[in-house]
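Values below: all heavy atoms of this structure, side chains included; hydrogens, waters and symmetry mates excluded. In what follows, every chain begins at residue 1, and chains take the letters A, B, ... in the order their sequences are listed.
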Amino acid sequence: MYHPIDKRIREALRAYILEKYGLESAVVTERPPRLEMGEVASPVCFDLAKRLKRAPRQIAQEIASSIGPIEGVARIEIAGAGYLNLFLERTQFLRQAMALAGGEAAAAADGAPKVIVEHTNINPNKAAHIGHLRNAALGDSFVRLLRYTGRRVEVQNYIDNTGVQVADVVVGFHHLEKKTPAEVQALSAAPRFDYLCWDLYARVTQFYEEDKSRTSLRADALKSIEENHGDLAKMATCVADAVVRRHLRTMERMQVGYDLLPRESEILRLKFWEKAFALLKERNAIQLVSTGKNAGCWVMRAADTGESEEDQNAAAKIIVRSNGTVTYVGKDIAYQLWKFGLLGLDFHYRRFDQTPDGRPIWATSAEESDPDAPAFGRGWEVFNVIDSRQAYLQGVVVAGLRALGYEDEARRSIHFSYEMVALSPRSAMAMGYVLSPEEEKRSYVEMSGRRGLGVKADDLLDRLETSCRAEVDARHPALPANERTGMAHAIAIGALRYFLLKYTRSAVITFDFAEALSFEGETGPYCQYAVVRARNIFRKLATQEAGYPSEKAGAIVDDAALGKMLAAPAGDDLWDLALLAGSLGATIAGAVQAQEPAVLAKYAFQLAQAFNLFYHKHRILSEEDLQKKALLLMLAQLVERQLVTALGLLGIESPEKM
RNA sequence: GCGCCCGUAGCUCAGUCGGAUAGAGCGUCUGCCUUCUAAGCAGAGGGUCGGGGGUUCGAAUCCCUCCGGGCGCGCCA
């Protein structure tokens, strides 16, 4: 509700200033520091003062007294050196916020421009760790935000099933474990096959370190995987598919889902690279280097730096190696072109798996396409959720689009970057990892799949669920076991997703078990608990006063009484809560604009905190003044609906009890 | 060496397209459960916003510079 009023105020000020002074101005508004100063303020007169060469306070006075009524605004005051402070119509605001709260999100039109969000992208050779969870939580929450604001979104999880990491695990099964493809197939049915691969991958790394010449085994495996023939290729398919299914199950626990799994194997087999290569050559976006250290390679030069051609070629990014094979960036350029519908080729599709509620999860295929497959790709805008360490490579991919002349697509190709999740040395050592003396002194240590150093996602989820279950059991011993399990799961996910989302993307998360396992203070369970408290009131009201029209509390109280109860100064605390609860839309708009789910996470916490204060100060059920009681109920309902919406966008469920 | 990110309370972090007295959580200390569940609430204490310069009516926020830390810069992905 705050959002539309704020917008209306900015527009009214802009129009009035244009009319009265003949000046175009970018009117900014802000929330004043204290409620006595109103709900919306604008420092626009300071800027006008400069341009009109008059005192800001005088201009503010002039505007305040002559601008005339603005819908939703009760009055305007001037303050300080020349602020315009606006006071909202409290009753109207609350009524409108109530009418909007909990409503369905705007549905995207079928023909609306499509946004493609690529996230998760875990190498299918080992179990997911908490760094992958940050990626998935960010990507998934951003998808929810986009969909809520009416965008049409397609979620892709790219699977590098033919890369060196898979090859390494295949080397492990073949050379270390001496397994046949059939034996690997049998193993892959194990409940936590991804854990087995995690350990094997670390062992293979050591196996290479003991004798460097062994890396030729990797090259051989990679070759047979890329060419898709022989036992090693069979093993690779089996390992990658099985691990991908494990990742899907892990992400389901986190309430994260996907529409499509584009796989590198199809990029190879359907000749996406050949097509992209032809385009790049045709439009002169890449150059064949004839001299210097990159002789024989096709490279993409950075923007013209004025250096000699030879220097530019040496500093350029290699796209095709001198032996004719394509690098990862090259394949990524082909994939990015396909996402925008610019490649002139399409994948085939098959059903790969399904979500718990029965929706298909599609994967690309080189075989004939399932006729029921929807139209994938052809996006208008693309977000790639990839950690900030890959910023340079993402830049090369975008430069590729630009070099091909796709300036608009390059601009709508967004690297949604975030910092890594690292371990505190304390956490790493507590898990039994041996750190070097240098590492012990650092504030954090990077996780490493090769070293097997990291907190596995399912392990953390298990620990969280166990600890939530113990608490739930203590509080609700009488409830059926399955209900307690569900409750513990919702709270565990609430704790974890909130923990991963409360940091802004640019902050490195130093993972610490004590913090991640905390349920108090600025946490998901704190926010969920506020919802539960509100629901407890409604539930008790329904049993105590069966006839009370709690869903229509707003109809019991009339506007005059509402106005009186919300009026300053006595009504300020209630109004403050209404105002915050009514600011959900503005917060969502801000989170989408900043591409920052943490903005919404902070809001959810603030609202929960404000509600807890309200809950503590007012007894709703025992309130004797019926008009007051109705108002308190309205506020509790408003907060409950807004919190459920906010948490839902963060992928956090709101349990009935906890 | 070059590029990107970070430096705000004891710790972990918000606030950074300039705005009014710099916020939160955790931790510490002191209180509050016969109440709509204390996964809660109240209070206390805690700050050269890394240093220095500049722009501005106004700077944690913009510019310059220095210091500290991280990440990246491979014919790996």
Want to settle it: does A:Tyr444 or A:Pro525 sit nearer the 5' end of RNA chain B, counting the closest nucleotide to each? A:Pro525
What does A:His415 touch in the nucleic acid at a heavy-atom separation under 4.0 angstrom: a base, only the sugar-phosphate, or nothing? nothing
Is the distance from OP1 or OP2 of B:G72 to the nearest side-chain N or O of A:Tyr392 less than 4.0 Å? no
Would you say that A:Ser467 contacts A:Phe519 through its side chain, given a criterion of any heavy-atom pair below 4.5 Å between the two side chains? yes
Check this one for me: any side-chain N or O of A:Gln609 less than 4.0 Å away from OP1 or OP2 of B:G25? yes
Base, sugar-phosphate, or nothing for A:Ala55, non-hydrogen atoms under 4.0 angstrom? nothing
Can you tell me how far C1' of B:G43 sits from CG of A:Leu613, to the nearest Å? 13 Å
Cationic tip of A:Arg134 above A:Tyr418 ring, under 6.0 Å, 45° of axis: no
Taking salt bridge (charged side-chain N to carboxylate O under 4.0 Å, His left out) as the test, write out the residues that go with A:Asp573, two or more places apart. A:Lys617
For the P atoms, the ones on B:U8 and on B:A44, what distance do you get once it is rounded to whole angstrom? 25 Å
Would you classify A:Arg389 as touching base, sugar-phosphate or nothing, given that sugar-phosphate means primed atoms plus P, OP1 and OP2, and contacts are heavy atoms under 4.0 Å? sugar-phosphate
Please report the distance separating the C1' of B:U48 from the corresponding atom of B:C29, rounded so that it comes out in whole Å. 27 Å
Determine: side-chain N/O of A:Asn323 to OP1/OP2 of B:C75, distance under 4.0 Å, yes or no. no
Any base atoms under 4.0 Å from A:Ala422, or only sugar-phosphate, or nothing? Heavy atoms, all strands. nothing
Are there more than 12 heavy atoms of other residues, nucleotides or ligands under 6.0 Å from atom CD of A:Gln593? no
Separation of B:C76 atom P from A:Tyr208 atom OH, nearest Å, is 15 Å
Select one nucleotide: of B:A39, B:G40, B:A20, the one nearest the side-chain heavy atoms of A:His616. B:G40
Does the side chain of A:Tyr603 get closer than 4.0 angstrom to OP1 or OP2 of B:G15 through an N or O atom? no
Could you work out which one of B:A20, B:C41, B:A77 sits closest to the side chain of A:Asn612? B:C41
When you compare B:C63 with B:C5, how far apart are their P atoms, in angstrom units rounded to a whole number? 11 Å
Base B:A20 paired with A:Asn85 side chain (donor-acceptor, <3.5 Å): yes
Does some side-chain heavy atom of A:Arg389 sit less than 4.5 Å from a side-chain heavy atom of A:Glu446? yes
Classify A:Ser388 by what it touches in the nucleic acid, base, sugar-phosphate, or nothing, heavy-atom distance under 4.0 Å. nothing
Starting at atom CE of A:Met658, determine the distance to atom P of B:U37, rounded to an integer number of angstrom. 14 Å
With under 30° as parallel and over 60° as perpendicular, where do the rings of A:Tyr503 and A:Phe499 fit, or are they tilted in between? perpendicular
Considering only atom C1', compute the distance from B:C49 to B:C32 and round it to an integer number of Å. 35 Å
What does the list of N/O pairs under 3.5 Å between the protein and nucleotides 5-13 of chain B look like, with a distance for each?
from  : atom 1 : to       : atom 2 : distance (Å)
B:U12 : O2'    : A:Tyr503 : OH     : 3.4
B:C13 : OP1    : A:Val508 : O      : 3.0

Tabulate protein N/O versus nucleotide N/O from nucleotides 55-63 of chain B, keeping only pairs under 3.5 Å, one per line.
none

What nucleotide among B:A39, B:U37, B:C71 has an atom nearest to a side-chain atom of A:Tyr615? B:U37
Assess the side chains of A:Arg469 and A:Thr485: does a donor N or O sit below 3.5 Å from an acceptor N or O? yes
With the side chain defined as heavy atoms from C-beta on, A:Ala79 is closest, among B:U37, B:A20, B:A77, to B:A20
Distance check, P atoms only: B:G50 and B:C13, in whole angstrom units. 15 Å
Using the side-chain heavy atoms of A:Ile318, tell me which of these nucleotides is nearest: B:C71, B:C75, B:A20. B:C75
Do the numbers put A:Lys317 on top of the ring of A:Tyr392, so that NZ or CZ is under 6.0 Å from the six-membered ring centre and no more than 45° off the axis? no
For a quick test of reading the model: is some side-chain N or O of A:Asn536 closer than 4.0 Å to OP1 or OP2 of B:U37? yes
Tell me every residue that passes ring pair (Phe, Tyr, Trp, His ring centres under 6.0 Å) with A:Trp273, counting only those two or more places apart in sequence or in another chain. A:Phe277
Under-4.0 Å salt bridge between A:Glu640 and A:Arg535: yes
Stems in RNA chain B: runs of 3 or more consecutive Watson-Crick or G-U pairs, distances under 3.5 Å? B:1-7 with B:67-73, B:10-13 with B:23-26, B:28-32 with B:40-44, B:50-54 with B:62-66
Are side-chain N/O atoms of A:Tyr201 and A:Arg450 paired as donor and acceptor at under 3.5 Å? yes
C1' atoms of B:G7 and B:G51, separation to the nearest Å: 12 Å
Nearest-angstrom distance from the residue atom CG of A:Leu393 to C1' of B:A77: 8 Å
For the side chain of A:Glu446, counting heavy atoms from C-beta on, which of B:G25, B:U37, B:G72 is nearest? B:G72
Taking the six-membered ring for Trp, does A:Tyr83 stack with B:A20 (centroid gap under 5.5 Å, planes within less than 30°)? yes
Of the candidate nucleotides B:G40, B:A24, B:G70, which contains the atom at the shortest distance from the side chain of A:Phe605? B:A24
Does A:Arg321 have a side-chain nitrogen or oxygen under 4.0 Å from the phosphate oxygens OP1 or OP2 of B:C76? yes
Between CZ of A:Arg31 and P of B:G18 the distance, given in whole Å, is 20 Å
For A:Arg426, does the CZ atom have more than 12 heavy-atom neighbours from other residues, nucleotides or ligands under 6.0 Å away? no
Tell me, please, which residues at least two apart from A:Glu439 pass salt bridge (charged side-chain N to carboxylate O under 4.0 Å, His left out). A:Arg451
Nucleotide B:G25, atom P - distance to OH of A:Tyr498 in whole Å: 11 Å
Just how far, in rounded Å, is C1' of B:C76 from CZ of A:Arg450? 8 Å
Between atom CD in A:Glu596 and atom P in B:A14, what is the gap in whole Å? 8 Å
Under 3.5 Å side-chain donor-acceptor pair for A:Thr504 and A:Glu596: no
Apply side chain to side chain donor-acceptor pair (under 3.5 Å) to A:Thr162 and A:Glu264, showing your working. CA-CA 6 Å; A:Thr162 55; A:Glu264 188 172 80; 2.6 Å; yes
Any luck finding a side-chain donor-acceptor pair between A:Asn157 and A:Glu118 under 3.5 Å? no
For B:C67 versus B:G23, give the span between their C1' atoms, rounded off to a whole number of Å. 27 Å
Would you measure the distance from the P atom in B:A9 across to the matching atom in B:G18 and give it in whole Å? 24 Å
If you only use heavy atoms from C-beta on, which nucleotide in B:G70, B:A39, B:C41 is closest to the side chain of A:Arg475? B:A39
Which glycosidic conformation, syn or anti, is assigned to B:C33 if syn requires a torsion within 90° of zero? syn
